[in-house]
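Any value given below was found using the heavy atoms of this structure, including those in side chains, with hydrogens, waters and symmetry copies removed.
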Amino acid sequence: MFKALLLSEIEGKTTAQIHQLEVTDLPEGEVLVDVAYSSLNYKDGLAVTGTGKIIRSFPMVPGIDFAGTVAESASDKFKPGDEVILTGWGVGERHWGGFAQKARVKADWLIPMPKGLDAKKAMIIGTAGFTAMLCVMTLEEAGLKPDSGKVLVTGAAGGVGSVSVQLLSQRGYHVVAVTGRPESQDYLAALGAKEFIPRAVMARPARPLEAQTWAGAVDVVGGEMLARILAEMEYGGTVAACGLAGGHELNTTVMPFILRNVSLRGVDSVSCPLERRTLAWERLAAELPESAYDTLGCAIALEEVPQAAQDIIAGRIQGRMLVNMAL
Ligand code: NDP
């Protein structure tokens with residue numbers, strides 16, 4: 001028997017409860033994993049609280065990422081004892097996920113633990129940190145360099161935001177953090193942010209073109225804030241857009257694109273191809289300093305996930321929250 005958080009739908013309302021399950025309850029898959037850590041991401045918050053239509057069928061074990069040790073494998077890609085990471089692929093949405101002490105998944109969804117990481121570090125990074133690295137890679141592929149100018153990071157005190165601030169600062173970028181929580185400034189300064197802008201300032205409606213301010217931007221917020229960022233980009237600047245914490249709509253004009261050569265690049269972590277996925281994890285392992293793990297992460301037990309899910313949707317979680325299956 002093992003412990004799992006199970007979501008059910010009763011009269012249209014999502015409920016989350018801890019259950020004792022057997023391995024035979026798990027969905028089909030080639031690899032059985034003893035999950036050591038999972039993590040709480042914004043999408044998990046939407047799923048567990050039922051705020052967003054994330055879960056496609058009930059009952060469902062949520063948890064869009066996990067790290068642990070292979071217990072059984074019918075694939076020659078992995079053998080018992082191998083340490084592995086999973087993020088995305090619809091796990092925790094369409095296929096039972098990481099908020100459980102065991103998970104059974106397709107071999108193609110797993111990647112071997114990169115050198116320099118362990119299960120705990122991997123889930124302090126988690127989907128949010130992996131997405132942050134994809135954003136950094138996207139900006140650099142567009143030509144951004146530390147001497148290009150200032151780089152804006154929105155939702156900075158959240159998961160993707162925090163890791164983006166850390167990674168960009170570490171690489172020598174001048175990072176300006178947008179946060180709705182002034183009390184997070186010391187935390188963000190410790191991650192390397194040089195300047196701060198209150199969320200309310202960046203969420204104001206913008207004219208089609210504003211003063212040119214940013215060489216690059218990582219945006220997790222969307223909506224009005226993304227429209228303002230586009231209007232404030234320097235000539236040739238690039239925005240990596242990966243989130244919708246402030247809304248999924250985007251009302252803008254073509255002016256930043258046709259008069260300032262601005263690029264808006266999308267970033268998806270769920271279906272990211274294996275080669276890019278592996279590269280991003282290798283870079284995370286190599287580039288995140290040891291000190292970042294203590295600053296970024298805080299651990300909870302599986303039983304605490306329903307409350308933490310409400311907190312992440314309300315924007316009350318700072319940095320990354322990992323779920324320790326041994327607690
Ligand atoms: P978090 O909740 O950890 O961070 C989001 C941050 O956004 C909050 O901490 C807060 O930062 C800010 N925020 C929250 N609500 C609002 C609002 N209404 N308006 C403006 N800012 C707000 O979430 P994650 O970092 O896990 O995810 C961030 C976003 O990225 C989500 O939309 C998520 O779905 C998306 N995402 C997308 C992925 C992809 O593959 N494309 C992968 C991972 C995440 P502060 O307090 O500093 O203002």
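Checked for salt-bridge contact, Glu303 and Lys3 meet the test: a charged N lies under 4.0 Å from a carboxylate O. Classification of Glu30 and Arg104 as a salt-bridged pair fails, no side-chain N sitting under 4.0 Å from a carboxylate O. Residues Asp118 and Lys121 are not paired through a salt bridge, judged by the lack of any N-O separation under 4.0 Å between the basic side chain and the carboxylate.
Although no hydrogens or angles enter the test, the distance criterion places no donor-acceptor pair under 3.5 Å between the side chain of Gln310 and the main chain of Gln307. Here the side chain of Ser162 pairs a donor or acceptor atom with the backbone of Ala156 at under 3.5 angstrom. Under a 3.5 Å cut-off, the side chain of Arg276 and the backbone N or O of Pro273 do not form any donor-acceptor pair. Looking at Thr154, its side chain does come within 3.5 Å of a backbone N or O of Val220 through a donor-acceptor pair. Judged by distance alone, the side chain of Asp82 and the main-chain N or O of Lys79 form a donor-acceptor pair under 3.5 Å. Asp311 places no side-chain N or O within donor-acceptor distance of the main-chain N or O of Ala314, the cut-off being under 3.5 Å. The closest donor-acceptor contact from the side chain of Thr213 to the backbone of Ala211 lies under 3.5 Å.
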(request) Report the C-alpha separation of Leu7 and Thr15 in whole Å, then their side-chain angles, then the decisive distance to 0.1 Å, and conclude whether the side chain to side chain contact (heavy atoms under 4.5 Å, CB included) test is met. (result) CA-CA 6 Å; Leu7 299 183; Thr15 59; over 6 Å; no

(message) Could you go through Ser75 and Ser73, starting from their C-alpha distance and side-chain angles, then the distance that decides it, and tell me whether this counts as side-chain hydrogen bond (donor to acceptor under 3.5 Å, both in side chains)?
(response) CA-CA 5 Å; Ser75 158; Ser73 175; 4.6 Å; no

(message) Between Val35 and Gln101, does the side chain to side chain contact (heavy atoms under 4.5 Å, CB included) criterion hold? Intermediate values first, please.
(response) CA-CA 5 Å; Val35 178; Gln101 289 170 320; 5.7 Å; no

(request) Please test Tyr37 against Met325 for side chain to side chain contact (heavy atoms under 4.5 Å, CB included), starting from the C-alpha separation and ending with a verdict. (result) CA-CA 6 Å; Tyr37 290 92; Met325 295 306 155; over 6 Å; no

(request) Show the numbers, then the answer: is there a side chain to side chain contact (heavy atoms under 4.5 Å, CB included) between Thr49 and Thr14? (result) CA-CA 7 Å; Thr49 59; Thr14 304; over 6 Å; no

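Taking all atoms of both residues into account, the shortest heavy-atom contact from Ile229 to Ala217 is CG2-CB, 3.7 Å. In plain terms, the two heavy atoms of Ala301 and Leu327 that are nearest each other are CB-CB, 3.8 Å. Of all non-hydrogen atoms in Thr69 and Glu83, the two that sit nearest each other are OG1-CG, 4.3 Å. When all heavy atoms of Pro205 and Glu224 are compared, the pair lying nearest together is CA-OE2, 3.9 Å. For the residue pair Leu302 and Leu5, the shortest heavy atom distance occurs at CD2-N, 4.1 Å. Listed here is the closest heavy atom pair of Ala100 and Phe2: CB-CE1, 4.1 Å.
Annotation: the span from Leu274 atom CG to Asp108 atom CG amounts to 8.0 Å, rounded to 0.5 Å. Ser8 OG to Phe58 CZ: the interatomic distance, rounded to the nearest 0.5 Å, is 8.0 Å. Note that CD of Gln166 is 7.0 Å distant from OG1 of Thr295, once rounded to the nearest 0.5 Å. For the atom pair CD1 of Ile111 and OG1 of Thr87, the computed distance is 7.0 Å after rounding to the nearest 0.5 Å. In this structure, Leu46 CG and Glu93 CD are separated by 10.0 Å, a value rounded to the nearest 0.5 Å. Atoms CD1 and CG, on Ile313 and Asp44 in that order, are 9.0 Å from each other to the nearest 0.5 Å.
Under the rule for a side-chain hydrogen bond (donor to acceptor under 3.5 Å, both in side chains), the partners of Asp65 that lie at least two apart in sequence or sit in another chain are Ser39, Asn41, Thr127.
With a 6.0 Å radius and a threshold of 12 heavy atoms from other residues, nucleotides or ligands, Arg316 has its CZ atom above the threshold. By the neighbour-count criterion of 12 heavy atoms within 6.0 Å, atom CD of Glu28 is sparsely surrounded, having that number or fewer from other residues, nucleotides or ligands.
Within the 4.5 Å cutoff, the side chain of Phe99 has heavy atoms near those of the Val48 side chain. Contact annotation: the side chain of Val305 approaches that of Ile300 to within less than 4.5 Å [non-hydrogen atoms, C-beta and beyond]. No side-chain heavy atom of Ile125 sits under 4.5 Å from any side-chain heavy atom of Arg320. At a threshold of 4.5 Å between non-hydrogen side-chain atoms, the residues Thr179 and Pro198 do not count as touching. Counting only heavy atoms from C-beta outward, the side chains of Leu86 and Val105 approach each other to under 4.5 Å. Residues Leu26 and Leu32 have side chains in contact (heavy-atom distance under 4.5 Å, counting atoms from C-beta outward). Contact of the Arg265 side chain with the Glu141 side chain is registered, since non-hydrogen atoms from C-beta on lie closer than 4.5 Å. In this structure the side chain of Val201 never reaches within 4.5 angstrom of the side chain of Phe196, judged on heavy atoms.
Note on residues 165-192: pairs passing salt bridge (Lys or Arg N to Asp or Glu O under 4.0 Å), not counting sequence neighbours, are Glu140-Arg171, Arg171-Glu287.
The aromatic rings of Phe130 and Trp281 lie parallel to each other, their planes meeting at an angle below 30°, with 60° marking the opposite boundary.
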Tell me which donor-acceptor pairs under 3.5 Å the side chains of residues 230-255 have, and how far apart each pair is, sequence neighbours excluded?
{"from": "Glu232", "atom 1": "OE1", "to": "Trp214", "atom 2": "NE1", "distance (Å)": "2.8"}
{"from": "Glu232", "atom 1": "OE2", "to": "Arg228", "atom 2": "NH1", "distance (Å)": "2.7"}
{"from": "Thr253", "atom 1": "OG1", "to": "Met255", "atom 2": "N", "distance (Å)": "3.1"}

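A continuous path of hydrophobic side-chain contacts links Val153 to Leu296 [ILVMFWY only; heavy atoms under 4.5 Å].
In this model, no donor atom of one side chain and acceptor atom of the other lie less than 3.5 Å apart for Tyr173 and Ser148.
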